[in-house]
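Working notes, beginning with the structure itself.
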Amino acid sequence: MTEAQGGFRGWAAARKGSWSRLRFTSLRLRLVVVFGLVALTAAVSASGIAYWLNREAVLTRTQDALLRDFEQEMQNRAGALPESPSQDELQHTAGQMANSSQRFSVLLVAEDASGKTVYGNSGALNGFSLQDVPASLREAVNKEQTVNSTNKYAYHLYWQRVVKNGTPYLVAGTKVIGGGPTGYILKSLEPEAKDLNSLAWSLGIATGLALIGSALLAQAAATTVLKPVHRLGVAARRLGEGKLDTRLRVSGTDELADLSRTFNNAAEALEKRVADMAARDEASRRFVADMSHELRTPLTAITAVTEVLEEELEAESGSMDPMIEPAVRLVVSETRRLNDLVENLMEVTRFDAGTARLVLDDVDVADQITACIDARAWLDAVELDTERGIHARLDPRRLDVIMANLIGNALKHGGSPVRVSVREADEEVVIGVRDHGPGIPEDVLPHVFDRFYKASASRPRSEGSGLGLSIALENAHIHGGGITAANSPEGGAVFTLRLPRDASALMEETEEGDKGKGDA
């Protein structure tokens with residue numbers, strides 16, 4: 001791989017890590033999103049309210065100034081016209097009114113002496129005409145109202161905002177009271193619209209800055225909050241990996257500090273409890289080992305005596321008293337059973353203490369199984385289905401223990417004949433032991449390898465210690481293999497033993513691990 005490829009892959013891995021941290025399920029991202037939404041909502045609401053208030057204030061101020069100036073001009077100039085003015089008089093007056101401080105366009109409408117409608121405008125805005133005034137506004141302006149105590153005038157000033165070619169305008173109109181022309185004005189509100197657009201842009205920029213600021217604040221807050229949570233997660237993982245001395249550094253008095261203290265207290269209590277359990281477990285193992293060792297000496301003497309008694313039982317001279325013969329046979333069988341139990345207990349304690357070691361040798365698996373069957377006189381009850389020449393590097397003694405327990409269990413609890421098959425699979429040797437009995441009950445299958453487990457609680461003194469299958473499994477594990485139990489579809493139980501073709505690699509790894517522990 002080239003340096004450029006390595007750099008690209010590193011960049012891609014970093015980007016992938018960043019995106020994985022920012023996935024939507026991430027608490028950090030959710031905090032940033034929530035902060036952003038809250039800030040956006042607040043900023044948009046505040047900007048909208050500010051814009052609306054400023055818009056109303058600007059338009060109302062401009063509108064009031066226009067209408068006030070228009071009303072004064074109508075009173076002072078249009079009111080001075082005769083009741084039936086000429087078009088020239090209307091035109092001249094409209095020009096004077098348009099020159100007021102507000103600079104609006106003026107349209108005056110009246111009837112001359114002959115009853116003809118005449119118009120006069122200021123000449124601006126392409127000739128402000130009556131068609132530029134909304135019909136509803138003209139109707140309201142020309143409508144005469146009843147004069148009473150609440151309404152002192154027959155005509156009033158009316159106004160309306162319109163948009164023409166995208167530009168906003170204010171149109172207003174009124175009639176001279178007591179007879180005279182009707183006046184209309186048209187004023188562009190474009191300067192005010194530009195000011196309001198500038199205000200809208202300013203508020204939009206402020207909203208964007210507020211959103212960015214809220215995101216940065218959310219990131220800072222998330223980092224402050226999630227950093228202790230991340231440390232807590234790392235500590236919890238270390239604790240789960242068995243590093244019970246893991247503790248968190250506690251600083252502050254907030255809820256996260258209380259959580260860290262709670263974690264430390266829980267870790268300390270767990271460490272103490274595990275240490276106590278380990279001490280009790282070690283004491284129990286030592287007790288079993290010591291008791292088994294101490295029992296071997298008297299058992300050796302008892303076994304020698306029982307062998308003599310057994311010879312007497314098998315002698316044809318009939319020297320054994322028939323009255324005590326059953327008792328002697330019971331003592332012989334129970335002594336043999338006790339001796340097997342002590343040997344099994346010592347083997348179990350070696351596994352628990354981690355002192356069991358493999359003594360490897362190149363063996364012919366078929367020859368080894370045949371020797372195991374022959375040594376126990378099982379040739380008539382066991383069928384061996386295998387080819388010669390399947391070699392593996394295993395511990396012959398432990399393989400003999402495994403096969404003796406599996407075949408013995410099949411003969412004892414299953415039915416003859418027991419079939420043993422050997423085959424090769426990849427880098428493994430697979431050995432199957434099948435009997436022709438009723439099979440293993442489904443509720444018993446998960447427990448067949450448990451220590452001292454017996455399928456029938458009503459037969460606690462049945463032959464066997466309840467350790468044989470457990471010892472067989474431990475011997476398989478120390479090779480790097482395993483054993484499984486199942487029921488055959490054709491009937492009977494099937495135990496499948498899988499062992500590596502070469503257990504030396506596992507043995508080297510175990511020795512290196514033990515050396516590393518010693519160096520540590």
Side-chain angles (χ1 to χ4, degrees), residues 21 25-28 222-295 341-358 446-454 457 460 465-467 469-480 482-483 506-520:
R21 288 192 297 270
T25 55
S26 169
L27 183 58
R28 180 186 300 275
T223 301
T224 303
V225 173
L226 295 181
K227 191 173 182 179
V229 176
H230 175 71
R231 288 200 300 263
L232 180 61
V234 173
R237 284 194 295 271
R238 289 173 57 86
L239 196 66
E241 293 170 357
K243 300 174 183 178
L244 302 181
D245 58 342
T246 302
R247 298 293 185 273
L248 289 172
R249 180 172 56 86
V250 180
S251 60
T253 58
D254 56 8
E255 290 80 359
L256 291 174
D258 292 339
L259 181 60
S260 299
R261 292 189 188 93
T262 303
F263 175 86
N264 289 341
N265 293 335
E268 184 178 356
L270 179 61
E271 183 180 20
K272 183 178 179 181
R273 188 175 184 84
V274 170
D276 293 342
M277 292 176 64
R280 288 196 296 268
D281 189 48
E282 178 64 26
S284 299
R285 286 200 301 267
R286 187 177 298 278
F287 174 76
V288 173
D290 292 344
M291 286 296 298
S292 302
H293 183 74
E294 293 297 327
L295 284 173
L341 176 61
V342 171
E343 291 296 330
N344 287 337
L345 285 174
M346 292 191 68
E347 185 74 7
V348 167
T349 55
R350 293 190 192 99
F351 284 119
D352 290 343
T355 58
R357 292 291 182 268
L358 294 174
H447 306 286
V448 292
F449 295 105
D450 294 352
R451 295 177 182 177
F452 300 107
Y453 182 81
K454 295 183 179 181
S465 62
L467 292 172
L469 292 179
S470 174
I471 291 174
L473 183 62
E474 293 288 352
N475 279 294
H477 285 168
I478 199 174
H479 280 90
I483 305 175
L506 178 67
M507 188 175 178
E508 291 175 0
E509 291 179 3
T510 304
E511 290 176 353
E512 290 179 0
D514 293 341
K515 182 180 179 182
K517 291 179 181 178
D519 294 341

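A quick note: this is a predicted structure, and the numbers were derived from the prediction, not measured.
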> Which pairs count as salt bridge (Lys or Arg N to Asp or Glu O under 4.0 Å) when at least one residue sits in residues 256-269, sequence neighbours excluded?
Replying inline: D258-R261
Could you work out, with side-chain contact (heavy atoms from CB on, under 4.5 Å) as the rule, every residue matching [X], not counting sequence neighbours?
{"X": "R273", "result": "M277"}
{"X": "K272", "result": "D276"}
{"X": "L473", "result": "F449, H477, I483"}
{"X": "L270", "result": "L239, L244, V274"}

> With a 4.5 Å heavy-atom cut-off, do E271 and R247 have their side chains touching?
Replying inline: yes
> Closest approach of S260 and V250, non-hydrogen atoms and distance?
Replying inline: CB-CG2, 3.9 Å
>> Using the rule given for side chain to side chain contact (heavy atoms under 4.5 Å, CB included), can you reason through V234 versus R237, listing the C-alpha separation, both sets of side-chain angles and the distance that settles it, and then say yes or no?
In response: CA-CA 5 Å; V234 173; R237 284 194 295 271; 3.3 Å; yes
> Which residues satisfy the salt bridge (charged side-chain N to carboxylate O under 4.0 Å, His left out) test with R238, sequence neighbours excluded?
Replying inline: none
> So, does N264 use its side chain to make a donor-acceptor pair with the main chain of L248 at under 3.5 Å?
Replying inline: yes
